[in-house]
Peer 1: 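Below are the structure tokens for one structure; questions will follow.
Numbering of ligands and ligand atoms starts at 1, following listing order. Nothing fancy with the numbering, it's 1 onward along the sequence.
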Amino acid sequence: MPARKDAEHLPGFLFRAVSFERGRLRILDQTQLPHRVTYLYPTKAADVVAVIKRLAVRGAPAIGVAAAYGMAVEAGRLPDRNLRSGLERAARMLVAARPTAVNLKWAVVRVMQSVSVRAMSPEEKRRAVLAEAQRIETEEVERSLAIARHGAKLLPKNAEVLTICNTGALAAPGMGTALGVIFQAHIDGKRPHVYACETRPLLQGSRLTTLELQRARIPVTLIADSAAASVIDRCDVMLVGADRIAANGDTANKVGTRMLATLARAARKPFYVVAPSSTFDSATRTGQQIVVEQRDGEEVRAFAGCRAAPARTVVFNPAFDVTPARLIAGFITDRGILKPPFRKNVSSNP
Ligand code: MRU
């Protein structure tokens, strides 16, 4: 996919979560937001694994791009004789960092394929790894712009939108996914208003989504996750992101998404999943095959060092849940809008 001009003119309010400039990988530390804008400069794949695991970089497309650049920094430090085996080890570590978002595996596999030609010299391999990572980033930016254009057409004027987690430029290079649609509708003068679920336990909604929308001057009302049913009658549409979309349309996304989809169905409101082609996984037949990442219970027992439950409380802390395809009105993708029947339309997409 050739780099296009509009990617060079992204609105100034957008963050750049991951970048690679002058040989240095830079990652915006999202654990510090909204208080501080600080950057991390990982110099090896193991550092990138660590920042992905602790959600300093997060969101399915963004971690794919971070992992691809993680392979590039690793290639830059490995000696010639260990280049192949070192890259294979780095690839395994990166893919295992977060198991649900398919973009991570997809990006790492692409990078490994770029060096699968035996006749390449070590220097050619290092250049190929970096070039592939840059291509992946450019493509994801273009996909986000295409998603935003397709999705914004769906929104009525003065749309009231309910969303969860964070799906802006912090989560996907370029404009983001679900928030990208809202940014575009705002740019088009449609004056959307957003209800943002706070998204316990790690508060991506209240820490990140409100921040991104406020920077764009889009009105946003933060709600506790449990207040979703109290605002649903005022909403026109729900827009959410995705971490993996199975061939039948079942969709893994931030835990709480299935609850919203069930609510949307009960209230007869359209529930759209917004995602690039890199999040569609035709190798996973249904949602039952999706591995849901389980995280440390301490994330629920406490927040930012403040205890929210007795220290030894038993916790169930899945990072994601799987929304059955039957609750989804459609997928807003870079290739257009996919409607049911998903078994036919989703599996033929990427
Ligand atoms: O745990 P996170 O913050 O990485 O979860 C992110 C989400 O669930 C997003 O909705 C998804 O990755 C899509 S991001 C464009």
Peer 1: Among Tyr272, Phe271, Phe280, exactly one meets ring-ring contact (aromatic ring centres under 6.0 Å, His included) together with Phe331. Which residue is that?
Peer 2: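 Per the ring-ring contact (aromatic ring centres under 6.0 Å, His included) rule, the option paired with Phe331 is Phe280, out of Tyr272, Phe271, Phe280.
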Peer 1: Using the salt bridge (charged side-chain N to carboxylate O under 4.0 Å, His left out) criterion, which residues pair with Lys44? Sequence neighbours excluded.
Peer 2: Asp47
Peer 1: Taking 4.0 angstrom as the limit and counting only heavy atoms of Gln204, give me the atoms of ligand 1 inside it, by number and element.
Peer 2: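 Taking each heavy atom of Gln204 in turn, ligand 1 has 1 (O), 2 (P), 3 (O) under 4.0 Å.
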Peer 1: Given that the side chain starts at C-beta and the backbone is N, CA, C, O, which of these parts of Ala242 lies under 4.0 Å from ligand 1, counting heavy atoms, or is it both or neither?
Peer 2: backbone
Peer 1: Among all protein non-hydrogen atoms, which one is nearest to atom 10 (O) of ligand 1, and what is the separation to 0.1 Å?
Peer 2: Asn253 OD1, 2.6 Å
Peer 1: Given side-chain hydrogen bond (donor to acceptor under 3.5 Å, both in side chains), test Gln204 with Arg58 step by step and report yes or no.
Peer 2: CA-CA 10 Å; Gln204 289 93 329; Arg58 28 87 29 219; 5.9 Å; no
Peer 1: Do any N/O atoms on Thr167 end up under 3.5 angstrom from N/O atoms on ligand 1?
Peer 2: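 No, since none of the N or O atoms of Thr167 sits under 3.5 Å from an N or O of ligand 1.
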Peer 1: Mind checking whether Asn166 has an N or O less than 3.5 Å away from an N or O of ligand 1?
Peer 2: no
Peer 1: Only heavy atoms of Ala60, strictly under 4.0 Å: list the atoms of ligand 1 that pass.
Peer 2: 12 (O), 14 (S)
Peer 1: Should Ala319 be listed as contacting ligand 1, given a heavy-atom distance under 4.0 Å as the test?
Peer 2: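 Ala319 does not count as a contact of ligand 1 under the 4.0 Å cut-off.
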Peer 1: Among all protein non-hydrogen atoms, which one is nearest to atom 15 (C) of ligand 1, and what is the separation to 0.1 Å?
Peer 2: Thr177 OG1, 3.1 Å
Peer 1: Take a 6.0 Å sphere around CZ of Arg77 and say whether it holds more than 12 heavy atoms from other residues, nucleotides or ligands.
Peer 2: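 Yes, enclosed.
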Peer 1: In this structure, are over 12 heavy atoms from other groups packed under 6.0 Å from Arg54 atom CZ?
Peer 2: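 For Arg54, atom CZ is crowded (more than 12 foreign heavy atoms under 6.0 Å).
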Peer 1: Which atoms of ligand 1 sit under 4.0 Å from any heavy atom of Phe320?
Peer 2: 1 (O), 5 (O), 8 (O)
Peer 1: In ligand 1, which numbered atoms sit nearer than 4.0 Å to a non-hydrogen atom of Cys165?
Peer 2: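 Those atoms are 3 (O), 5 (O), 6 (C), 7 (C), 8 (O).
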Peer 1: Can you label the angle between the Tyr39 ring and the Tyr41 ring as parallel, tilted or perpendicular, going by 30° and 60°?
Peer 2: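 Aromatic pair Tyr39/Tyr41 classed tilted.
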Peer 1: Relative to the heavy atoms of Ala171, which atoms of ligand 1 are at a distance of less than 4.0 Å?
Peer 2: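 Numbered from 1, ligand 1 contributes 14 (S), 15 (C).
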Peer 1: Does the Arg215 side chain pair with the main chain of Phe13, one donor and one acceptor, at a distance under 3.5 Å?
Peer 2: yes
Peer 1: Please walk me through it: do Arg307 and Glu298 pass salt bridge (Lys or Arg N to Asp or Glu O under 4.0 Å)?
Peer 2: CA-CA 9 Å; Arg307 196 133 288 294; Glu298 200 53 18; 2.5 Å; yes
Peer 1: Please state which protein non-hydrogen atom is closest to atom 5 (O) of ligand 1 and give its distance, to 0.1 Å?
Peer 2: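 I find the closest protein heavy atom is Lys254 CE, 3.3 Å.
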Peer 1: Decide whether an N or O pair under 3.5 Å exists between Asp243 and ligand 1.
Peer 2: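 Yes, there is a polar N/O contact under 3.5 Å.
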Peer 1: Under 4.0 Å from a heavy atom of Gly59: give me the atoms of ligand 1 that qualify, with their elements.
Peer 2: 4 (O), 12 (O), 14 (S)
Peer 1: Tell me the nearest of Glu293, Arg98, Arg295 to atom 2 (P) of ligand 1, using heavy-atom distances.
Peer 2: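 Closest candidate by heavy-atom distance is Arg98.
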Peer 1: Whether the side chain of Arg98 engages the backbone of Ala60 through a donor-acceptor N/O pair (distance < 3.5 Å, no angle test) should be reported.
Peer 2: no
Peer 1: Has the side chain of Lys125 got a donor or acceptor atom that lies under 3.5 Å from a matching backbone atom of Leu83?
Peer 2: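 Answer holds: no.
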